[in-house]
2 protein chains.
Amino acid sequence: MRYPASHKTTTRERILDEAGQLAKERGFATTGVDALMAAAGLTAGAFYAHFASKSELLSALVERELKRSQRMFAVDSDAALEAAIGAYLSPQHVERPRKGCPLPTLSSEVARADDTVRSTYARGLAEVVQQLAQRAGSEEKAWPMVAQAVGAVTLARALPAGRARKTLLDSVRDQVIAALRQPEGETAPPTSPSRPGRASPRKPSRLRSHPNS
Amino acid sequence: MRYPASHKTTTRERILDEAGQLAKERGFATTGVDALMAAAGLTAGAFYAHFASKSELLSALVERELKRSQRMFAVDSDAALEAAIGAYLSPQHVERPRKGCPLPTLSSEVARADDTVRSTYARGLAEVVQQLAQRAGSEEKAWPMVAQAVGAVTLARALPAGRARKTLLDSVRDQVIAALRQPEGETAPPTSPSRPGRASPRKPSRLRSHPNS
DNA sequence: GTCTATAAGGTGATAGAC
DNA sequence: GTCTATCACCTTATAGAC
């Protein structure tokens with residue numbers, strides 16, 4: 001699935017990649033077309049050869065970025081899923097919005113965008129949730145996991161780095177992984193004891209940071 | 001705790017109230033000082049008699065709004081807390097950001113704001129979480145609830161009104177209330193069966209919409 | 001396709017009249 | 001305290017040269 005090293009991304013792909021990173025870092029609405037294009041090494045005038053409007057860029061961005069996030073959770077074992085969750089709720093992901101999931105950064109922008117953007121978003125998010133539901137057991141178990149992870153990263157980014165942020169990330173990670181381990185129709189486990197540690201030492205896999213660079 | 005009907009809010013309070021509603025609806029960074037002041041029936045020039053900068057307004061806004069949200073969860077029974085959670089995760093709250101909690105709307109703005117705003121936010125959020133921890137049992141149980149609720153409203157607002165939005169809100173409500181009912185150090189309950197209904201008929205209290213206006 | 005230049009309008013912030 | 005007028009700058013989008 002990797003491009004050969006010789007592959008040169010087309011201009012449109014390069015714009016989407018660079019503008020996507022900038023939009024996630026600084027906000028889409030607050031970042032001008034000029035800055036978005038400069039990130040791709042181009043000028044504002046060239047923008048409209050690729051997109052009819054700024055809103056159309058947001059739509060393309062949301063689609064592309066959600067596919068990327070979906071790919072990170074397309075795993076074939078529970079252990080791999082737990083590792084992905086750990087990476088999502090890691091300090092690295094919180095500190096590097098550029099390379100991270102679009103949901104914490106762009107959802108509020110999508111909420112104020114036009115219908116085209118919103119349905120692109122709805123389709124992309126539905127695929128993420130349905131894929132997660134395959135491992136979690138049901139959509140009703142998958143939605144709370146997604147909401148929790150997105151909410152945690154959103155809050156953590158607004159908090160200064162420190163103890164509160166760490167407690168937030170750790171307790172949400174424990175809770176999500178515990179919910180995942182629930183055998184189905186049962187109940188969620190140890191939400192109380194877990195100070196500095198992992199969810200439990202049952203799966204001591206390495207945590208990458210969420211982004212794939 | 002209600003003001004006497006005769007009470008006229010001071011200008012500053014009126015600005016905070018009206019600007020707060022507008023900022024939550026349209027976004028803080030994307031809404032100009034002019035529009036913020038017009039909402040309070042004033043012009044942009046008068047703004048700087050009340051605040052040294054737009055960023056200082058955001059700080060005051062965050063403080064005031066978080067206190068309001070905290071008050072909504074300052075309840076004296078589990079039933080009342082469950083009702084407040086139901087209101088938070090209601091379609092009404094999703095559809096009326098103006099009157100709603102600042103966390104889903106302003107957190108991403110705070111993440112890009114200066115240190116003053118961020119520590120004001122940190123203090124306000126800490127109080128919300130600690131208050132909730134008194135009923136939930138521990139901070140480690142309270143954080144996931146807050147993250148889940150904030151994430152759910154954030155995602156729901158970006159989704160078009162429809163089935164996915166409803167499934168999201170319903171399953172998150174069930175999950176949060178189930179986690180709350182956990183006797184402590186135990187595990188979370190029925191995440192699976194609950195199609196159209198409430199968390200369970202144990203507490204059939206009326207759901208107000210989140211806002212208190 | 002990409003550039004520069006330009007359109008019309010919005011931005012945060014300040015000065016001075018009342 | 002509030003107004004109007006103004007500052008320099010940034011916004012989305014378009015036109016025309018290359």
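Letters A, B, ... mirror the listed sequences (proteins, then strands); counts begin at 1. The figures that follow rest on heavy atoms only: side chains count, while hydrogens, waters and symmetry mates do not.
- Residues in residues 49-61 of chain B take part in these side chain to side chain donor-acceptor pair (under 3.5 Å) pairs, two or more places apart or across chains: S55(B)-D114(B), S59(B)-T120(B).
- Qualifying side-chain hydrogen bond (donor to acceptor under 3.5 Å, both in side chains) partners for R123(B), counting only residues two or more places apart in sequence or in other chains: none.
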| message | Each nucleotide in nucleotides 2-18 of chain C should get exactly one letter: B, S or -. Can you fill that in based on protein heavy atoms under 4.0 Å? | response | BBB------SSBB----
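- Using bins of under 30°, 30° to 60° and over 60° for the plane-to-plane angle, the ring pair Y88(A)/F73(A) lands in the tilted bin.
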| Reading DNA chain C 5' to 3', how would its secondary structure be written in dot-bracket notation, given Watson-Crick and G-U pairs with both distances under 3.5 Å, brackets [ ] for crossing pairs and | for partners on other strands? | ||||||.|||||||||||
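- Residues satisfying the side-chain hydrogen bond (donor to acceptor under 3.5 Å, both in side chains) test with E18(B), not counting sequence neighbours, are none.
- One finds no salt bridge joining R14(A) and D17(A) here, because no Lys/Arg side-chain nitrogen approaches an Asp/Glu carboxylate oxygen to under 4.0 Å.
- Side chain of R118(B) to backbone of L159(A): a donor-acceptor contact under 3.5 angstrom is found.
- For residues 100-110 of chain B, the set of pairs meeting the side chain to side chain donor-acceptor pair (under 3.5 Å) definition, not counting sequence neighbours, comprises S108(A)-S108(B), S107(B)-Y121(B).
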